[in-house]
Structure formats: structure tokens, C-alpha cells
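See below for the structure under consideration.
From a predicted model like this one, the values you see are computed outputs, not experimental measurements. The chain is numbered in sequence order, starting from 1. We use all heavy atoms of the structure for the numbers below, so side chains are in, but hydrogens, waters and symmetry mates are not.
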Amino acid sequence: MKKLITLAAASLLTSAVMLSGTAEAGVTKAMMRGGWTAVLGGNTGCGVSSMYVTFRLNSSGTGVATIQMHSTGCEDSTSTGNAISIQTLDANGRGTAGLSCGIGCGWQFKIQVAEGGHSFILADVEPTNPNNTPTGMAIHVAP
């Protein structure tokens, strides 16, 4: 009987945590407004690449990025004025984002934003662009 009561209490606690997480979810593009820093790594048109990306988003989820890149196939570079946008975002923080990297260059990411909108992970898994596989994480650095 004691195990049954303990199991029931654990089940209630788990349900309460799940409900409170759901109630607090509500991630929006407006919550992502401000400065961000992201690190990305993976295969690009320049081979295996490592990137440091800084950007600001407005309350609609769009902005401009600077990309510092080091790769196996191209010279080290810094490009500015790259468009970035959170294209879709549901209340649970799942969505899509796009980042340009110059003329005819860009990535399409699946994203998952952390509760509260302070960080997100991103991965380019777009099948129409099979030779691009950058993945990484972004953190909110300034409002």
C-alpha cells in the first residue's frame, strides 16, 4: 500500500510539473528581441566549417547578422549584413529560421527555443540543400 501511495504522489507531482511547463511555455518571436551570439559547425559550400555569428532580432524575429567563418575549403572570412529571420515559431518553441551567408548562399534551420526564450538550438536538415549541415546553439546576450 505504501508503494502505491508513493507511486500516486509521484504521478501527481509529474503531472503538476508537466502542466506548469505547458502553462509557462508560450515562446514568442517578441521574446527573442535583442542581441544574440551563435556558434555553428558542419559542412558548408566551403567544406567543414566553424562559424561565430552575432545578430540582433527585432520583435518580429528578423534582423541582420555578422558571420566569422573558418573552414577547410575557403579562406577565413567575415561577412556582414546577412539577413536572419525566425520564420515560424510555435508556443512550445519549435520552428524554422533562415540565415543568409551572401549572394546565393544560405541555410534553412529547424530550431528549438528554450522556455523563456534565452537560447535555442538550430540544425540545417533541409533535404533540398544536402551538402549543407551546420548545427549549433544561440544564446541571448542583450535585450
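- Put simply, the side chain of S119 never gets that close to the backbone of A114: no donor and acceptor are under 3.5 Å apart.
- A donor-acceptor pair is defined here as one N or O able to donate and one able to accept, closer than 3.5 Å; no such pair exists between the side chain of T66 and the backbone of T54.
- Closest of all the heavy-atom pairs between G98 and Q108 is CA-OE1, 4.3 Å.
- The minimum heavy-atom distance between N129 and G106, with the atom names listed, is ND2-O, 3.6 Å.
- Applying the disulfide (SG to SG under 2.5 Å) test to every pair with at least one member in residues 82-135, sequence neighbours left out, gives these pairs: C101-C105.
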* **Test side-chain contact (heavy atoms from CB on, under 4.5 Å) applied to V53 and N82, step by step** => CA-CA 10 Å; V53 184; N82 300 291; over 6 Å; no
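- A 4.5 Å side-chain heavy-atom check between M31 and H140 finds every atom pair outside the cut-off.
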Under 3.5 Å, which donor-acceptor pairs link side chains of residues 33-48 to any protein atom two or more places apart or in another chain?
from : atom 1 : to   : atom 2 : distance (Å)
W36  : NE1    : M32  : O      : 2.7
N43  : ND2    : N131 : O      : 2.7
T44  : OG1    : C46  : N      : 3.0
T44  : OG1    : G47  : O      : 3.3
T44  : OG1    : S49  : OG     : 2.8

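- Scanning both residues, T96 and K110, for their nearest heavy atoms gives CG2-CD, 4.4 Å.
- Annotation: salt bridge (Lys or Arg N to Asp or Glu O under 4.0 Å) contacts involving residues 82-102, sequence neighbours excluded, comprise D90-R94.
- In this structure, CG on L122 lies 7.5 Å from OG1 on T135, to the nearest 0.5 angstrom.
- The shortest heavy-atom contact between F109 and P134 is CE2-O, 3.6 Å.
- Within the hydrophobic cluster formed by Ile, Leu, Val, Met, Phe, Trp and Tyr side chains joined at under 4.5 Å, directly or through other members, V125 stands alone, with no partner residue.
- Grouped with V141 in one hydrophobic cluster are I121, M137, I139, the linkage being side-chain heavy-atom contacts under 4.5 Å among Ile, Leu, Val, Met, Phe, Trp and Tyr residues.
- The backbone N or O of D76 lies less than 3.5 Å from no partner atom in the side chain of Q68, so there is not a single donor-acceptor pair.
- In this structure V64 satisfies the side-chain contact (heavy atoms from CB on, under 4.5 Å) test with no other residue, sequence neighbours excluded.
- When the side chains of ILVMFWY residues are joined at heavy-atom separations under 4.5 Å, either directly or via intervening members, W107 and I111 end up in a single hydrophobic cluster.
- Counting only heavy atoms from C-beta outward, the side chains of V113 and I86 never approach each other to under 4.5 Å.
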